[in-house]
Amino acid sequence: MSSEKNNYINPHLRFKDQVPEGTTGWQSPSNIALIKYWGKRAVQLPMNPSVSFTLSKSATRTTVHYKPAAKKESTIAFYFEGERNLTFEQKTIAFFKNLHSVFPFLSQMDFEIRSENSFPHSAGIASSASGMSALAMALCDLERTFFGTLDTDEAFLQKASYIARLGSGSACRSVYGGVALWGKTDRLQDSSDEFAVPVPKIHPLFRHYRDYILIVDPHKKKVSSRAGHELMKTNPFAPARFKQANQNLAILLKALETGDTDTFTDITELEALTLHAMMMTSQPSYMLMKPATVSIIEKIRDFRNRTGIPVAFTLDAGPNIHMLFPEENEESIKEFIRTELSAYVTPDSVIADRVGNGPQKTE
Ligand code: DP6
């Protein structure tokens, strides 16, 4: 049973007269979690609060063309990178159906949705966060345009975050630039399990942080996020993990505020390895790292100890490595990748990203 308040049900958001035709477009970035969301309950509510950097380059661009529904039942055609994609189409149809009480106007329109990612197909990067947040921004834009609601940035982004969360949990953090937090915590006022909020007190060093994504293995993930979250329901270590996430969050927020890169590194790496430890200790168990992942982690730690450059790694639920470091160390890190990681990655398999400013309207 859902424990949500759901403030967003609004039967008035329906066209009384003519249904308009037009297009809206949004670009929205992916994000990389520092404190990981892993384990959920009810309708996509997190078991612990999470924190992420919103990225810049790794993004999805989505245009939504709408017109009056031709038949009683509204329709959606979904094109991904120029081709009709029936998997995404079915997912979007189900997603829109779930939103009919929040956006009643959806049932009055036919949609053609076109979506593309800025990162290569084969990057193995999760695109649900960027994809779902771009779509959520577009839907809130339609509401604002036609009904004059959501007229402050705060109201607009909060609802977009709520909608994005229903599509994919981590997507709710992508609607804000910089650092976003999702999940109720006494460390940040107005935080909520239902939507993300921006983290206001961030040291300038972290606002300009770099995230170099090393694509160790471009194949599709072994296990879906949904299945991974599910495994936390029976993992014997899960209660301790949820408690630890809250403690790590408190320490990380302080480090982000004060510019403490050493503590940032400790906590970020601990979170990444704990996520993987949870997968290794679930039943069935999963090993999501590749041998190259482990080798690169060892090289990063060795490089950090040798040079004093505060480069940290983190991981998603897969083998690829995110290297997080200050802007001023960019040249040294490029050199490190070229000289010491060439056995594992080519220049083509590195995405040089950075902390970004959040979604943008494109049409
Ligand atoms: C490891 O947001 O992809 O990236 O809510 O089922 O769509 P769903 O899961 P998803 O899970 C993300 C997990 C993670 C950690 C994180 O981003 O916090």
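Whatever order the structure lists them in is the order used to number ligands and atoms, beginning at 1. Atoms considered below: every heavy atom in the structure, side chains included; atoms not considered: hydrogens, waters and symmetry mates. Throughout, numbering of the chain's residues begins at 1 and tracks the sequence.
For ligand 1, the atoms closer than 4.0 angstrom to any heavy atom of Ser225 are 3 (O), 9 (O), 10 (P), 11 (O). Near Asp316, with a cut-off below 4.0 Å to any heavy atom, the atoms of ligand 1 are 4 (O). Listed by atom number, the atoms of ligand 1 under 4.0 Å from Lys40 heavy atoms are 5 (O), 6 (O), 8 (P). Close approach of ligand 1 to Leu275 is summarised as follows: ligand atoms under 4.0 Å from at least one heavy atom of the residue are 1 (C). Listed by number with element, the atoms of ligand 1 under 4.0 angstrom from any heavy atom of Trp38 are 1 (C), 13 (C). Listed by number with element, the atoms of ligand 1 under 4.0 angstrom from any heavy atom of Ala33 are 16 (C), 17 (O), 18 (O).
No heavy atom of Met132 sits closer than 4.0 Å to any atom of ligand 1. Ligand 1 lies out of reach of Arg165, whose nearest heavy atom is not under 4.0 Å from it.
The aromatic rings of Trp38 and His229 sit tilted relative to each other, their planes meeting at an angle between 30° and 60°. Aromatic ring orientation, Tyr66 versus Phe146: perpendicular (interplanar angle above 60°, classes split at 30° and 60°). Taking the six-membered ring for Trp and thresholds of 30 and 60 degrees, Tyr37 and Trp182 have ring planes more than 60 degrees apart, a perpendicular arrangement.
Neither the backbone nor the side chain of Asn31 comes within 4.0 Å of ligand 1, counting heavy atoms alone. Residue-level proximity to ligand 1 for Ser168 is carried by backbone and side chain together, each with a heavy atom below 4.0 angstrom.
A salt bridge links Glu335 and Arg338; the closest N-O separation between the charged side-chain nitrogens and carboxylate oxygens is under 4.0 Å. Ion pairing between a basic and an acidic side chain is recognised when a charged N comes within 4.0 Å of a carboxylate O; Asp217 and Lys290 show such pairing. The residues Glu330 and Arg210 are annotated as salt-bridged, a charged nitrogen and a carboxylate oxygen being separated by less than 4.0 angstrom.
Judged by distance alone, with hydrogens and angles left aside, the side-chain atoms of Ser282 form no donor-acceptor pair with the main-chain N or O of Ser285 at under 3.5 Å.
Taking the six-membered ring for Trp and the full ring otherwise, the centers of Phe264 and Tyr209 sit less than 6.0 Å from each other.
At least one N or O atom of Gly169, backbone or side chain, sits closer than 3.5 Å to an N or O atom of ligand 1. Between Lys36 and ligand 1, no N or O atom pair is found at a separation short of 3.5 Å.
Of the candidates His229, Glu230, Arg173, His229 brings a heavy atom nearest to atom 11 (O) of ligand 1.
In the model, Lys97 has no side-chain atom that pairs as donor or acceptor with a side-chain atom of Ser107 under 3.5 Å.
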